[in-house]
S.K.: 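The structure that follows is given in the form of structure tokens.
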Amino acid sequence: MIPVIELAKFLRFSLGDMQGINISDEEIIEAINQSARQLYERFSEGYVYAGVKRVPQIYIDPDGETDGQSIPVYELPPDFIRVHQITGEFNGISSVILSPASRSPVIEGEYRIVGMTLYAPKGVYSVEYYYHPARIETLEDDLDVPETMRPYIEKIALAVYKHETEKEEYLIERAVQLYSMREISHIEDIGPVQILGGAV
Amino acid sequence: MTRKQILAMVRKLIADEQATGFTDGGNLEQPEGTQELLNYLDRAVDEYSKRQAAAGDVRLMKETNVSNNSSLPDDFLKFCGMIPLKIIGKKVKLYVGSTVSARYLARLPYVTSYSDNDELPYENDQSITVAAMAAIYALNKQDFNVSQHLLLLGYGAGENATS
């Protein structure tokens with residue numbers, strides 16, 4: 001979480017308008033929102049783990065009664081961009097990665113997303129997905145990105161404000177490269193290799 | 001400074017302390033004498049505010065919550081930066097939501113909205129400049145050459161001035 005007021009201070013300083021006479025708060029907020037949105041869109045395209053959120057322990061039971069714990073289908077959260085991976089527990093083996101299925105009904109070990117709804121057979125799952133940070137509305141809000149992203153959010157927001165599209169692209173590209181290199185965990189994971197028929 | 005005092009200052013500047021050129025009295029239907037001077041003061045307030053707003057004088061800054069379909073404040077000159085709304089005539093149309101917080105540059109209040117003994121809400125430098133501009137308008141009415149006065153105020157040259 002980064003306090004928006006601190007980002008605003010950086011932008012106002014860089015733009016030479018600490019007083020706020022030429023640039024409104026709304027412009028600053030829009031630039032920050034756009035920068036976060038675009039950076040995280042690209043994280044999702046580039047499989048960068050920094051843009052992944054995890055929802056642990058979802059109890060899905062399509063045929064069961066709604067008992068407050070289990071749900072027939074899972075409605076994806078509003079900040080959802082795309083699935084990173086969905087894991088479930090089968091036959092005593094935990095963290096089995098599910099495969100996407102294009103037909104209905106789904107069988108064990110598969111999931112299906114239609115619109116913003118996730119279908120899966122009865123089981124306990126955890127969903128990891130690429131998200132976009134919630135839009136900020138005021139300077140008192142906090143931006144839902146980790147502190148380590150601050151330098152990039154700041155500089156991208158500045159480029160957004162100045163309509164410097166090429167610079168914006170360059171900064172986003174650099175952030176994607178840097179954050180994909182920082183991650184060691186993806187080596188173990190088959191991730192996009194699944195497209196080529198990688199085994200589960 | 002009260003309204004009486006700023007009027008006295010204008011009269012001094014145009015050498016009319018005895019109120020012979022601009023006599024006492026007058027009203028909005030018959031804007032002569034003192035009323036004419038008050039009208040010049042209002043005009044000076046208007047012009048001074050616009051010039052200061054263009055120069056980015058932060059003392060004119062105000063903050064307000066603008067609601068959808070409301071009218072702009074009477075003293076509105078311009079917003080500080082872009083606000084997500086459209087102004088159609090004097091009405092405001094917001095893009096989203098029902099209110100938005102905005103800073104704007106405001107005109108100083110008109111002298112005529114106060115009575116004689118009211119304290120005017122101006123800083124000292126504002127009063128002096130407004131009075132000097134009102135005096136220029138009054139002198140100009142009487143066909144005096146005011147180009148030197150304008151130069152002294154830093155407001156550029158009149159057409160008779162030598163550069």
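Chain A is the first sequence line, chain B the second, and so forth, proteins listed ahead of strands; every chain is numbered from 1.
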S.K.: Return yes when atom CG of Asp74(B) has more than 12 non-hydrogen atoms of other residues, nucleotides or ligands closer than 6.0 Å, and no otherwise.
M.R.: no

S.K.: Answer yes or no: does atom NZ of Lys53(A) have more than 12 heavy-atom neighbours from other residues, nucleotides or ligands under 6.0 Å?
M.R.: yes

S.K.: Counting only non-hydrogen atoms closer than 4.5 Å, does Asp25(A) touch chain B with its backbone (N, CA, C, O), its side chain (CB onward), both, or neither?
M.R.: both

S.K.: Testing the basics here: between Glu27(A) and Met82(B), what is the closest heavy-atom pair and its distance to 0.1 Å?
M.R.: OE2-N, 2.6 Å

S.K.: Assess the residue pair Leu105(B) and Ile21(A) against the criterion (side-chain contact (heavy atoms from CB on, under 4.5 Å)); give the C-alpha distance rounded to whole Å, side-chain angles, the decisive distance to 0.1 Å, and a yes or no.
M.R.: CA-CA 9 Å; Leu105(B) 294 176; Ile21(A) 197 156; 4.0 Å; yes

S.K.: Looking at every non-hydrogen atom in both residues, tell me the closest pair between Cys80(B) and Ser24(A) and how far apart they are.
M.R.: O-CB, 3.3 Å

S.K.: For atom NZ of Lys93(B), decide whether the heavy atoms of other residues, nucleotides or ligands shown that lie under 6.0 angstrom number more than 12.
M.R.: no

S.K.: Tell me the closest heavy-atom pair linking Met61(B) and Gly20(A), and the distance in Å.
M.R.: CE-O, 3.8 Å

S.K.: Would you find more than 12 non-hydrogen atoms of other residues, nucleotides or ligands less than 6.0 Å from Arg174(A) atom CZ?
M.R.: no

S.K.: How long is the straight-line distance from CD of Glu26(A) back to CZ of Phe79(B), given to the nearest 0.5 Å?
M.R.: 10.5 Å

S.K.: How close do Arg103(B) and Ile23(A) get, counting heavy atoms only, and between which atoms?
M.R.: NH2-O, 3.5 Å

S.K.: Could you tell me whether Glu119(B) atom CD has more than 12 heavy atoms of other residues or ligands within 6.0 Å of it?
M.R.: yes

S.K.: Tell me if the CD atom of Gln18(B) is crowded by more than 12 foreign heavy atoms within 6.0 Å.
M.R.: no

